[in-house]
Amino acid sequence: MGKKPAILILDDELIVCKRLKPAIEKMGCEVETYLESKSALKRIDEKEFDIVITDVRMDDIDGIQVLEYIRKNSDRTIVIIITGYAMVSLAREAMEKGAFDFISKPFKPNEIRKVILKALDTLGIPLDYKIENKHTR
Amino acid sequence: MSSILVSSNVHTIAENVAQKVTQQLEYTYIGTSFLATIANEFNTTVDKLQHALNWLRSSKSVSNKSIELNLAYIQQAVLEKLIHDNIVCDGLAAHFYARGVSHILNVRIISENKEIKNSPVNDKKFYLENIRRIIDPINIIRTSGFNQFSLVDEHDMALYDIVLDIGKIGLDSTINTIVLTAKKQKFKPMNYSRKTLDDITLASKFRVLLLSRFSNFRVSTDSGTAIVHIKCSKRQKAKVAEEIKVMANRIPEIKFVEVHAVTKLPVLH
């Protein structure tokens, strides 16, 4: 059996980490979560993750700085930005600096799963996971 | 890849630039010839659609139901096209309503200070109108017929991502600048920008439907939830809300509807 894709989630809101971790593990990925940037960056130095999902607005080092750091040190790691303060200028800045995608909060688990599947495809490690469409009215 | 909106005070300039950019990028072009398709789809006429567009670009005296409706048709049709990416659009006033979408490049072409010379800012009547807007915004909104674009000034250069003076840099440089900018990573579609475009497109679709029955409302959508602010009394609210919810059932993408009865409509920017 192939190695599971390794994903790191960085968000200073505990609830985001608590909800995203099982939602992404369900896809067959290994997930580590961090609430603050410095320890996440230390971990990123130790291990090359396939995907890093990071919030933008955090104390100390923000998500754009995390993105810049990863882009400087890895050609491979894909960075997905999530934020509750989405604006056109921020979105464009993130993409210009090499983010793979930019997602505004709140989002449904399937939204981020779709982006992760697309990212893993880009990395050449497609995942055998089917997203179910639920219609509610 | 990004989609591109090209506008100018001189329509033929915008059209020429838009068509050349389309050729270079191998995109799909939509211009004023699309009005015929819109007229057919919505059972209106090209003349009425063009009249509505002309009103939008004027100093915006009082609008009427026909202008509102025909603008709504144009808005829905163009936004539904823009969802498909790789579009270059001119002549359909998309710079008024396709806003806030980060992968849409909004370009203004000005021509040898014609923009400034012809700008209604130099027109005393327009100047007085704008002073009135600052002093008495409620009255302005009332007299403009609650049109959602009443406060959008296409001569405000802050509305655009790039402003190019074609008289100073020439046609080739204008096109090259647009093409190179459109290729930048920052104008790549992303989850957030696609969602924004989906939301404003869905809102435009619901708007067309609501205009068949109501006026004096604003509609926005967010991930399938439609939010309608409508001018009516508290007494009428329950009946109006029920009617609106029944109408929303005709659009499968709308999952929930919130209806707010207001005495003053929120202003869209």
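Numbered from 1 within each chain, the chains take letters A, B, ... in sequence-line order.
Checked against salt bridge (charged side-chain N to carboxylate O under 4.0 Å, His left out), B/K195 has the following partners two or more places apart in sequence or in another chain: B/D199, B/D222.
Heavy atoms from other residues, nucleotides or ligands lying under 6.0 Å from CG of B/D156 number more than 12. More than 12 heavy atoms of other shown residues, nucleotides or ligands fall within 6.0 angstrom of atom CZ in A/R71. For A/E46, the CD atom is densely surrounded, since the number of other residues' heavy atoms within 6.0 Å is greater than 12. Other residues, nucleotides and ligands contribute only 12 or fewer heavy atoms inside 6.0 Å of the NZ atom of A/K118.
Considering OG of B/S223 and CZ of A/F107, their distance stands at 12.0 Å, rounded to 0.5 Å.
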Anything under 3.5 Å between a donor and an acceptor, one on a side chain of residues 47-60 of chain A, the other on a protein residue two or more places apart or in another chain? List them.
unit_1	atom_1	unit_2	atom_2	d
A/D50	OD1	A/R76	NH1	2.7
A/D50	OD1	A/R76	NH2	2.8
A/D50	OD2	A/A6	N	2.7
A/D60	OD2	A/K38	NZ	2.9

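Residue pairs meeting the salt bridge (Lys or Arg N to Asp or Glu O under 4.0 Å) criterion with at least one partner in residues 180-190 of chain B, sequence neighbours excluded, do not occur; the list is empty.
Among the residues in residues 80-96 of chain A, those with a non-hydrogen atom closer than 4.5 angstrom to a non-hydrogen atom of chain B are A/A86, A/M87, A/V88, A/A91, A/R92, A/M95, A/E96.
Looking only at distances, no side-chain donor or acceptor of B/N191 sits under 3.5 Å from a matching main-chain atom of A/D101.
Here B/M190 is the residue among B/M190, B/H103, B/Q185 with the most heavy-atom pairs under 4.5 Å with chain A.
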